[in-house]
Amino acid sequence: MNKNNTYTNFIRNQIDIDLEQKLHTSIQTRFPPEPNGYLHIGHAKSIFLNFGLAKDYKGRCNLRFDDTNPTKEDIKFIDAIKEDIKWLGFLWDGNIKYSSHYFKQFYEYATELINKNLAYVCFLDSDEIRTYRGTLKKVGKDSPYRNTSIEKNLELLAKMKAGKFLEGECVLRGKIDMRSSFMCMRDPTLYRIRFDKHHQTKNQWYIYPMYDFAHCISDAIEGVTHSLCTLEFQDNRRLYDWILENLDDFNKPNRPHQYEFSRLNLEYTVMSKRKLQILVENKLVSGWDDPRMPTISGLRRRGYTKVAIREFTNRVGISKVDNITDMKILEVAIRDNLNIVAPRTMGVIDPIRVIIENYPEGKLETLQAPIHPQNKTMGKRNIFFSRELYIDKADFKEIVPNKKFRRLAINKEVRLRSAYVINATTFDTDLSGNITTVYATYDSDTLGKNPKDGRKIKGVIHFVEASKALKAEFRLYDRLFILKKLGKNNNFEQLLNKQSLITNHGMVEPSMANSKPELAYQFEREGYFCRDNQSSNKLIFNKTIGLHNAWKG
RNA sequence: UGGGCUGUCGCCAAGCGGCAAGGCAACGGGUUUUGAUCCCGUCAUACGCAGGUUCAAAUCCUGCCAGCCCAGCCA
């Protein structure tokens, strides 16, 4: 953020310059996913950037499916991506765009390049092309097909288009410079032959444009002013510019320009579609929307909100620096949002029974508890109190372990949240020594007030009344991997955190009977949870994130 | 001496020649019937390193060093 309390970055600075110099009267951006996987939080960064810029500058942002490779893409990903974008709260400008809708135009522009003697059909196979390309330190050499006549090339391209050649038999290449230090300028492939059925154009085409050829032209056709992508495309910018500058329709000062920013990397997770796909396919997670996945749908199922994700991307910012972002920034963003919106409730994740010995048998009290301690307008809810309750195992110790301990112990009083002060007297254990039941007494004059004699009760613990308690399953999530940063070549499947999902069975208060999937609730002292959106009938709660905990005891 | 980028607090990140923003974390303290929230305070004589230009340099110049990316008929 800058001094004016707004987020700034080098792209905004560039837009400001372009607008000031009247290069453009308004801006146009685009979000161009390839439909070959689900969107993840790194894409969310790009979505908020592109759609956010358009919104702030009163411009437009297209959603364009970059679908130039029929062998890798699938209609199911298109649907999932649209759903994720809508969920994030964005509406694309006009109709959804598809690179495949421009196939005819791409073909005509390819013809234009041939006519300008800037492209040729090459019959070298892929191995030969690689050999001819040279290496990073050694220049390449010209293809023997480089000097085919324009007329012949036109004819060959037409034959490629007509399906007269086999897959892999030939490609269309740009005629640029085999000695360039940019590998992508050594006569890049512009078109290849594929007989696969395309999800949009079906069997209409036998040739498909490469990314570098399709992307810049798509941007230009749509009037994109600022084409934003990630750092690995920096070299490709030379090809992007070369293509547009050599096409009469687009060789103008206000043509699209590409700007690159660094992709988002998060600690303890992976942000590559390929790796995420491996996790899904090898059933190492339950699916693309597994709550441990950094996908939009996973985060959503986990209980993350779009407000939090947007705030996170704002806090992280846009730059060109390679980064590994601290998970805490994401966690704090979701806590900040949920703290404001989440109704409070009580749930016991790891229950032990408590018997209030001096409380009348058969009596059931209805008490009221605030739904939000700072927001009275959210009202109150009914909770119950009786002789038999559940508290969390971690909230009782036989002997006070240290002087900072503020929970229940024998002869140590504690406040039951929104109810009475109790004091433990004794307890039962099972055969293995685990505590099963705690016996306690309650102070009947402490409801909504401190003890009369001035005793200070420091600790507050949560509870659920036994007869009214609802059984619930809690799914407790932790980081997906055990390392902050996964090395380039290490076997990432071996580095999965085996404790990333722990399932507990416990109790929640009866008000949770009509809780709704994906809506955030705070189980007080435990954290934020939401009902799982794939298990509609049972009370299954996904832990979004725990409360901030400064307790070092 | 292939080329393209990047190096500002533990993590993000502004800064574009005039006296190092902000967020997160951390650390003190206050409020609190959530060890939560909230509030208040502390937290880079220093910008990868070394030189140089200038009254003045994180910002300009030179030279190093480190990291990332590029040799798909992937995007």
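Each chain gets a letter, A, B and so on, in the order the sequences are listed, and its residues count up from 1.
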**Request:** Verify whether the ring centers belonging to A:Phe463 and A:Phe385 lie closer than 6.0 Å.
**Result:** yes
**Message:** Tell me whether the side-chain N/O atoms of A:His548 come closer than 4.0 Å to OP1 or OP2 in B:U37.
**Reply:** yes
**Integer angstrom distance from the C1' of B:C70 to that of B:U62** = 28 Å
**Prompt:** Using the P atom in both, what is the distance from B:G10 to B:C16, to the nearest Å?
**Reply:** 23 Å
**Prompt:** Base, sugar-phosphate, or nothing: which does A:Arg238 touch, judged by heavy atoms less than 4.0 Å apart?
**Reply:** sugar-phosphate
**Message:** Check this for me: does the side-chain of A:Arg344 come within 3.5 Å of the base of B:U34 through a donor and an acceptor?
**Reply:** yes
**Nearest-Å distance once atom P is located in both B:G28 and B:U8** = 28 Å
**Message:** What's A:Ile324 touching, base or sugar-phosphate or nothing? Going by heavy atoms closer than 4.0 Å.
**Reply:** sugar-phosphate
**Item:** Sugar-phosphate only, base, or nothing, as touched by A:Thr189 at under 4.0 Å among non-hydrogen atoms
**Value:** sugar-phosphate
**Asked** Does the side chain of A:Arg12 get closer than 4.0 angstrom to OP1 or OP2 of B:A13 through an N or O atom?
**Response** no
**Message:** So, does A:Arg192 get its side chain near the phosphate of B:C74, meaning an N or O under 4.0 Å from OP1 or OP2?
**Reply:** yes
**Asked** Can you check ring pair (Phe, Tyr, Trp, His ring centres under 6.0 Å) on A:His215 and A:Phe233, steps first, answer last?
**Response** CA-CA 12 Å; A:His215 203 93; A:Phe233 292 99; 7.6 Å; no
**Message:** What's A:Asp125 touching, base or sugar-phosphate or nothing? Going by heavy atoms closer than 4.0 Å.
**Reply:** base
**Request:** Please determine if a side-chain N or O atom of A:Thr8 lies less than 4.0 Å away from the OP1 or OP2 oxygen of B:A14.
**Result:** no
**Message:** Using atom C1' in both nucleotides, what's the gap between B:G35 and B:A66 to the nearest angstrom?
**Reply:** 43 Å
**Request:** Give a yes or no on whether the ring-centroid distance for A:Tyr120 and A:Tyr145 is below 6.0 angstrom.
**Result:** no
**Request:** Name the pairing partner of B:A44, where a pair is Watson-Crick or G-U wobble with both distances under 3.5 Å, or state none.
**Result:** none
**Request:** Quick one: look up who B:A71 pairs with, Watson-Crick or G-U, both distances under 3.5 Å, and put none if it's unpaired.
**Result:** none
**Message:** Testing A:Arg146, A:Arg133, A:Lys175 one by one against A:Asp187 for a salt bridge (charged side-chain N to carboxylate O under 4.0 Å, His left out), which residue passes?
**Reply:** A:Arg146
**Prompt:** Does NZ or CZ of A:Lys412 lie under 6.0 Å from the centre of the six-membered ring of A:Phe405, at an angle within 45° of the ring axis?
**Reply:** no
**Message:** Under 3.5 Å for both donor-acceptor distances, Watson-Crick or wobble: does B:C60 have a partner, and if so which one?
**Reply:** B:G52
**Request:** Could you tell me whether A:Asn339 contacts a base, only the sugar-phosphate backbone, or nothing, with contacts defined as non-hydrogen atoms closer than 4.0 Å?
**Result:** sugar-phosphate
**Request:** Report yes or no: is there a donor-acceptor pair, N or O only, under 3.5 Å between the side chain of A:Asn549 and the base of B:G35?
**Result:** no
**Request:** Write down the distance separating the C1' atoms in B:C19 and B:G23, rounded off to the nearest Å.
**Result:** 24 Å
**Request:** In whole angstrom, give me the gap between the C1' atoms of B:A58 and B:A46.
**Result:** 9 Å
**Message:** From CD of A:Glu232 over to P of B:C5, roughly how many Å is that when rounded to an integer?
**Reply:** 15 Å
**Item:** Rounded distance in Å - CZ (A:Phe529) to C1' (B:U34)
**Value:** 13 Å
**Asked** Nearest-Å distance, CD1 (A:Ile207) to P (B:C73)?
**Response** 16 Å
**Request:** Report which part of the nucleic acid A:Gln374 touches: base, sugar-phosphate, or nothing (heavy-atom distance under 4.0 Å, all strands).
**Result:** base
**Message:** Regarding A:Arg415, tell me which of base, sugar-phosphate or nothing describes its non-hydrogen contacts under 4.0 Å with the strands shown.
**Reply:** base
**Request:** Quick one: label A:Arg407 by what it contacts on the DNA or RNA (base, sugar-phosphate, nothing), any heavy atom closer than 4.0 Å.
**Result:** base
**Message:** Taking any heavy-atom pair under 4.0 Å as a contact, classify A:Val171: base, sugar-phosphate, or nothing.
**Reply:** base
**Item:** Minimum heavy-atom distance between A:Lys72 and A:Asn36, given as atom pair plus value
**Value:** O-CB, 3.4 Å
**Request:** Show the numbers, then the answer: is there a ring pair (Phe, Tyr, Trp, His ring centres under 6.0 Å) between A:Tyr109 and A:Phe213?
**Result:** CA-CA 10 Å; A:Tyr109 290 121; A:Phe213 188 63; 7.9 Å; no
**Prompt:** On a plain distance test, is the side chain of A:Arg525 in donor-acceptor contact with the base of B:U34 below 3.5 Å?
**Reply:** no
**Fill in**
Applying the 3.5 Å cut-off to both distances, the Watson-Crick or G-U partner of B:U37 turns out to be none
**Message:** What's A:Lys273 touching, base or sugar-phosphate or nothing? Going by heavy atoms closer than 4.0 Å.
**Reply:** nothing
**Request:** Mind checking A:Asn36 for me? I need base, sugar-phosphate or nothing, with any heavy atom below 4.0 Å counting as a touch.
**Result:** nothing
**Fill in**
note: A:Phe385, atom CZ; B:U33, atom P; distance rounded to Å ~ 18 Å
**Message:** Could you tell me if A:Lys97 sits above the aromatic ring of A:Phe65, with its cationic atom closer than 6.0 Å to the ring centre and no more than 45 degrees from the axis?
**Reply:** no
**Request:** Would you indicate what A:Leu172 reaches in the nucleic acid, counting non-hydrogen atoms under 4.0 angstrom: base, sugar-phosphate, or nothing?
**Result:** nothing
**Asked** Is the base of B:U34 touched by the side chain of A:Gln522 through a donor-acceptor pair closer than 3.5 angstrom?
**Response** yes
**Prompt:** Could you state the CZ-C1' distance from A:Phe233 to B:C5, rounded to the nearest angstrom?
**Reply:** 15 Å
**Prompt:** Rounded to the Å, how far apart are A:Arg130 CZ and B:C74 P?
**Reply:** 12 Å
**Item:** Distance, rounded to the nearest Å, where A:Leu276 contributes CG and B:A75 contributes C1'
**Value:** 15 Å
**Message:** Would you say A:Arg315 places a side-chain N or O within less than 4.0 Å of OP1 or OP2 belonging to B:C11?
**Reply:** no
**Residue whose nearest RNA chain B nucleotide is more 5′ - A:Ile318 or A:Ile329** = A:Ile318
**Fill in**
Re B:A25: Watson-Crick or G-U wobble partner, both distances kept under 3.5 Å, found to be none
**Asked** Counting distance only, does the side-chain N/O of A:His462 pair as donor-acceptor with the main-chain N or O of A:Gly347 below 3.5 Å?
**Response** yes
**Message:** Side-chain N or O of A:Arg64 versus OP1/OP2 of B:A75: is the shortest distance under 4.0 Å?
**Reply:** no
**Request:** Determine the Euclidean distance between corresponding C1' atoms of B:A25 and B:U42; express it in Å to zero decimal places.
**Result:** 14 Å
**Request:** Could you please name the partner base of B:A66, counting Watson-Crick and G-U wobble pairs only when both distances are under 3.5 Å?
**Result:** B:U6
**Request:** May I ask you to evaluate whether A:Asn323 reaches the phosphate of B:C68, defined as a side-chain N or O under 4.0 Å from OP1 or OP2?
**Result:** no
**Message:** One pair to check against ring pair (Phe, Tyr, Trp, His ring centres under 6.0 Å): A:Tyr521 and A:Phe529. What are the steps and the verdict?
**Reply:** CA-CA 5 Å; A:Tyr521 297 90; A:Phe529 291 73; 10.0 Å; no
**Prompt:** What nucleic acid atoms does A:Leu166 come within less than 4.0 Å of, heavy atoms only: base, sugar-phosphate, or nothing?
**Reply:** nothing
**Asked** Using the C1' atom in both, what is the distance from B:G15 to B:G22, to the nearest Å?
**Response** 12 Å
**Complete:** Classified by glycosidic angle (syn within 90° of 0, else anti), B:G72 comes out syn
**Request:** Using Watson-Crick or G-U wobble geometry with both distances below 3.5 Å, tell me the partner of B:C16, or none.
**Result:** none
**Fill in**
A:Glu331 CD to B:C12 C1', in whole Å, measures 15 Å
**Prompt:** For A:Met210, which contact category applies under a 4.0 Å heavy-atom criterion: base, sugar-phosphate, or nothing?
**Reply:** sugar-phosphate
**Message:** I want to confirm an ordering. Mapping A:Phe10 and A:Asp127 to their closest nucleotides on RNA chain B, which one lands closer to the 5' end?
**Reply:** A:Phe10
